[in-house]
Amino acid sequence: DEIWHQKPENHEGVFEFCFAGIPDGKKESLDKVVESFCTINKKNTHLRIIGITEDDFRQIYPDCEIPKNVRNKITFTGRLPHSETVRYILGCDCYIFVRRSDKRNNAGFPTKFAESYTCGVPIITTDVSDVGEYVTKSGRGSLLKDTSSESIADAMLHQLENKQEKGKLQTAFHFESHIDATQRWLKK
């Protein structure tokens, strides 16, 4: 699909973390991602949040304050078309999403992981479902042991200090990668 072959968004000289999704306050821990980003407060860093506006964020997470000196380093884009969201993911330096390991989050496989993994960017995430297998096997990103702001900030700093080059597009989740195995299974 051409959606995966777009020219990535350019943010030269700035390390960009990216989150894309519409949190409901229970599934995602976006507040902890923002808190962690605010505590690291490094030069030439940026956090792009796609899917909600800053007003939406304040409504969902009323206790999460963004200090004035960090506000210009965080962009809330609101909802964007899927193709534009993928373009931002393709261009980011590290995709991040944090979920608690619970029955709800372990029941399925996160689409946002499949998309960011396909884009070939490093990912910071928690070990929900079986994403840990992919992060470990690829060596791109950080698998959080817990959802604490300290762990998230440490992972962000690690990614900043050990910047990984973006990889090429990954086909692990592309349906054509599974045609032969599916045919063998159906023939059985």
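Quick note: numbers below take in every heavy atom, side chains included, and nothing from hydrogens, waters or symmetry partners. Worth saying up front: this structure is predicted, and the values here are computed from it rather than measured.
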Check your understanding: Would you say Trp4 and Tyr88 are hydrophobically clustered, going by side-chain heavy atoms of ILVMFWY under 4.5 Å?
Key -> no
Review point. Less than 4.5 Å apart, any side-chain heavy atom of Phe15 and any of His46?
Key: no
Review point. So do the side chains of Arg140 and Val121 get within less than 4.5 Å of each other, counting heavy atoms only?
Key: no
Review point. So, the side chain of Thr136 versus the backbone of Glu133: is there a donor-acceptor pair under 3.5 Å, distance only?
Key: no
Review point. Within the distance-only criterion (no hydrogens, no angle test), does the side chain of Lys73 pair as donor or acceptor with the backbone N or O of Lys42 below 3.5 angstrom?
Key: yes
Check your understanding: Any side-chain heavy atom of Leu144 within less than 4.5 Å of one from Thr125?
Key -> no
Practice item. May I have the step-by-step check of side-chain hydrogen bond (donor to acceptor under 3.5 Å, both in side chains) for Asp146 and Ser148, ending in yes or no? Key: CA-CA 6 Å; Asp146 58 60; Ser148 71; 2.7 Å; yes
**Study point:** Residues that, via side-chain heavy atoms closer than 4.5 angstrom, fall in one hydrophobic cluster with Val14
**Key:** none
Check your understanding: Which heavy atom of Gln6 sits nearest a heavy atom of Ser83, and at what distance?
Key -> NE2-O, 2.8 Å
Practice item. Begin from the C-alpha positions of Lys112 and Glu28 and carry the test salt bridge (charged side-chain N to carboxylate O under 4.0 Å, His left out) through to its verdict. Key: CA-CA 11 Å; Lys112 56 184 55 159; Glu28 308 289 347; 3.0 Å; yes
Check your understanding: Taking C-beta and beyond as the side chain, do Ser29 and Asp31 meet within less than 4.5 Å on heavy atoms?
Key -> yes
Review point. Please walk me through it: do Thr39 and Ser149 pass side-chain contact (heavy atoms from CB on, under 4.5 Å)?
Key: CA-CA 9 Å; Thr39 62; Ser149 295; over 6 Å; no
Point to revise | Side-chain heavy atoms of Phe97 within contact of Val33, under 4.5 Å | key: no
Point to revise | Criterion side-chain hydrogen bond (donor to acceptor under 3.5 Å, both in side chains) on Asp154 and Ser151, from CA distance to verdict | key: CA-CA 5 Å; Asp154 287 346; Ser151 293; 5.6 Å; no
Check your understanding: How about Pro122 and Asp93: do any of their side-chain heavy atoms sit closer than 4.5 Å?
Key -> no
Point to revise | Steps toward side-chain contact (heavy atoms from CB on, under 4.5 Å) verdict (Ile66, Phe76) | key: CA-CA 12 Å; Ile66 301 173; Phe76 292 89; 4.0 Å; yes
Check your understanding: Would you call Arg79 and Glu84 a salt bridge, taking side-chain N to carboxylate O under 4.0 Å as the test?
Key -> no
Check your understanding: For the residue pair Phe19 and Tyr95, does the interplanar ring angle fall in the parallel (under 30°), tilted (30 to 60°) or perpendicular (over 60°) class?
Key -> parallel
Practice item. Kindly give the heavy-atom pair with the smallest separation between Thr147 and Ile152, and that separation in Å. Key: O-CD1, 3.8 Å
Practice item. Compare every heavy atom of Phe17 with every heavy atom of Gln159, then report the nearest pair and how far apart it is. Key: CB-CE2, 4.5 Å
Study note, to complete from the structure: Rounded to the nearest 0.5 Å, the CD1 atom of Ile40 sits from the CG atom of Leu157 at a distance of 5.0 Å
Practice item. Measure across Ile60 and Pro23 and return the closest heavy-atom pair with its distance rounded to 0.1 Å. Key: CD1-O, 3.4 Å
Exercise for review: To the nearest 0.5 Å, tell me how far His11 NE2 sits from Cys18 SG.
Suggested key: 8.5 Å
Review point. Tell me, do Glu35 and Glu65 make a side-chain contact under 4.5 Å, heavy atoms counted?
Key: no
Check your understanding: If you take all heavy atoms of Ile74 and Cys38, which pair is closest and at what distance?
Key -> CD1-SG, 4.3 Å
Check your understanding: Taking a hydrophobic cluster as the set of Ile, Leu, Val, Met, Phe, Trp and Tyr residues connected by side-chain heavy atoms closer than 4.5 Å, whether directly or through intermediates, do Tyr61 and Ile50 fall within one such cluster?
Key -> no
Review point. Between Ile49 and Leu30, is any pair of side-chain heavy atoms under 4.5 Å apart?
Key: yes
Check your understanding: What are the two closest non-hydrogen atoms of Ser116 and Ile89, and how far apart are they?
Key -> CA-CG2, 3.9 Å
Practice item. List the steps, then state whether side-chain contact (heavy atoms from CB on, under 4.5 Å) holds for Ile124 with His158. Key: CA-CA 10 Å; Ile124 296 173; His158 177 79; over 6 Å; no
Study note, to complete from the structure: When rounded to the nearest 0.5 Å, the distance separating CD of Glu54 from OG1 of Thr75 is 10.0 Å
